[in-house]
Amino acid sequence: PAATPHLRPSAHFTARDTWLNDPNGLLHHAGVYHLFFQNNSEGNIWGPMSWGHATSTDLVTWSEHDVAIAHTPEENVFSGSAVADVRNTAGFAGAGETALVAVYTSAYTSASRRPGVQAQSLAYSLDGGVTWTRYAGNPVLDTGSSDFRDPKVFWHGGDEGRWIMVAVEAQDRQVVIYSSPNLLDWTLESRFGPAHAVGGMWECPDLFPLEVRGTGETRWVLVVSLNPGAIAGGSGTQYFVGDFDGSTFVPERQSDSPHLADYDWLDYGRDYYAAVSFNDAPEGRRLMIGWASNWDYANDTPTHPWRSAMSLVRELELVRCSDGVLRVTQEPQLPTDATRLQVFDVQVPSAPGDRTDVVLGSDDPHGGRITITVDGDERTITCDRSRSGAVDFHPAFSSADTAPLLSAGTPTHLKIVVDASILEVYVDEGLVTLTQQIFPHVPLTTVRLEPSSPS
Ligand code: FRU
């Protein structure tokens, strides 16, 4: 295939010339943000999985480095997290050193002695994340399961605290919570699920506290990715707001509705999956990255030589909405200097009777366009990418995806970010987001509002 440099985003991370999926090991350490990622370093479709590595100091410019943890014939290196073991609980560091420890899933291959088993393993770095050594005692947590993966580990409880791991039993639609004093020995604390959306496997969980804006109160947010069966079809990310006592997560609001729209979703587009947050971000910020694709068609998207991008980094907050419900808001971290990324801030009338199309396009009538419809009667926003350029590379790609307007006010504020082949729409200060890949023939640079014709 021909190279597609015009589709390479500028502030959304892409690998130079290979495939990526989930963000892994998100960690801020010594002034540097580390982004590891599921990487086929030998191709541009999903394949043997290693942890690729990129770093940033500003969250919008990323440099790719050598593969951090490479697959072996026996072991694929699946998703996981990274911590700075500042108390040297695992004993990997010498005097004056801090070990960074990656906790990842060993997906054992048919060439191994345990084909099909998924267990949790460690690798550590004593040079700030450049080179990584597998722990000789791997795996550190093995239940014999074939669907036990995606450990997110964090320190809980100050000096007297311990490590907490959330992982999934993917087919059981369960988040499993373990504790450890030293990253080496793990004890099962509790299980959560099945709950809410269960039409696919549960993957890539995350658990973290957030302050309820303006109150000093704290709640815990449990994030669970789901594939397939998510709100827009295929892969997507749901969340639960509740409490965590160091052992058990209890949701504050659990719906028994059968409708996906009655659950909480981090994104209503088709391309926001496996989202997890950074450990140790400065000033207690909760910064998150998702994989901007969908397993329905991820291997078929028409970019070359790389395939797939990360979302922008998003800062999460928790707000109490006018209906009394606690919801997550997300704010994109944007570059300050001019790049190929464009931001459109638009106010769209959304009172009863209002129905408006926000059309993103270009001077080229055949270049591709996106239509975002805000419907004041239905109180919905729909993002239609069916005429956005290349759409027929996979039958599941062409789509119009709808989200609720969760804020009662009018007009509706849209922050629309277009970065070559990724569109992110932030509705009403990020109370709702829609992330969509697009493959326009020319860059989308214009925006206009027009009355919407009834559908
Ligand atoms: C999610 C996922 C994870 C797994 C990884 C493999 O996209 O399926 O559950 O660890 O991708 O690449």
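For ligands, and for the atoms within them, numbers begin at 1 and follow the listed sequence. Because the structure is a prediction, the values reported are computed rather than measured.
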Enquirer: Numbering the atoms of ligand 1 from 1, which are under 4.0 Å from a heavy atom of Gln38?
Expert: 5 (C), 6 (C), 12 (O)
Enquirer: For Asn39 and Ser41, test the side chains for any donor-to-acceptor distance below 3.5 angstrom and give the result as yes or no.
Expert: no
Enquirer: My understanding is that only one of Gln436, His12, Lys415 makes a side chain to side chain donor-acceptor pair (under 3.5 Å) with Glu424; could you say which?
Expert: His12
Enquirer: Find all atoms of ligand 1 within a distance of less than 4.0 Å from any non-hydrogen atom belonging to Tyr273, and give their numbers and elements.
Expert: 1 (C), 7 (O)
Enquirer: Taking salt bridge (charged side-chain N to carboxylate O under 4.0 Å, His left out) as the cut-off, I'd like each qualifying pair that reaches into residues 21-32, sequence neighbours left out, listed once.
Expert: none
Enquirer: Just to be sure I read this right, does ligand 1 sit under 4.0 Å from the backbone of Asn21, its side chain, both, or neither, counting only heavy atoms?
Expert: side chain
Enquirer: Does an N or O anywhere in Asp150 fall below 3.5 Å from an N or O of ligand 1?
Expert: yes
Enquirer: What protein heavy atom is closest to atom 11 (O) of ligand 1, reported as residue, atom name and distance in Å?
Expert: Asp22 OD2, 3.1 Å
Enquirer: Tell me, do Trp202 and Gln238 make a side-chain contact under 4.5 Å, heavy atoms counted?
Expert: yes
Enquirer: Which of the numbered atoms in ligand 1 are below 4.0 angstrom from a heavy atom of Phe78?
Expert: 4 (C), 6 (C), 10 (O)
Enquirer: Do any nitrogen or oxygen atoms of Trp291 come within less than 3.5 Å of a nitrogen or oxygen of ligand 1?
Expert: no
Enquirer: Indicate, as side chain, backbone, both or neither, the part of Ser79 found under 4.0 angstrom from ligand 1 when only non-hydrogen atoms are considered.
Expert: both
Enquirer: Quick one: which residue pairs count as a side-chain hydrogen bond (donor to acceptor under 3.5 Å, both in side chains) with a foot in residues 144-155, not counting sequence neighbours?
Expert: Gln118-Arg149, Ser145-Glu169, Asp147-Arg149, Arg149-Glu203, Lys152-Asp206, Lys152-Ser277
Enquirer: If you have a sec, work out which protein heavy atom is nearest atom 8 (O) of ligand 1 and how many Å separate them, to one decimal?
Expert: Glu203 OE2, 3.0 Å
Enquirer: Establish, from distance only, whether the side-chain atoms of Trp291 and Ser308 form a donor-acceptor pair under 3.5 Å.
Expert: yes
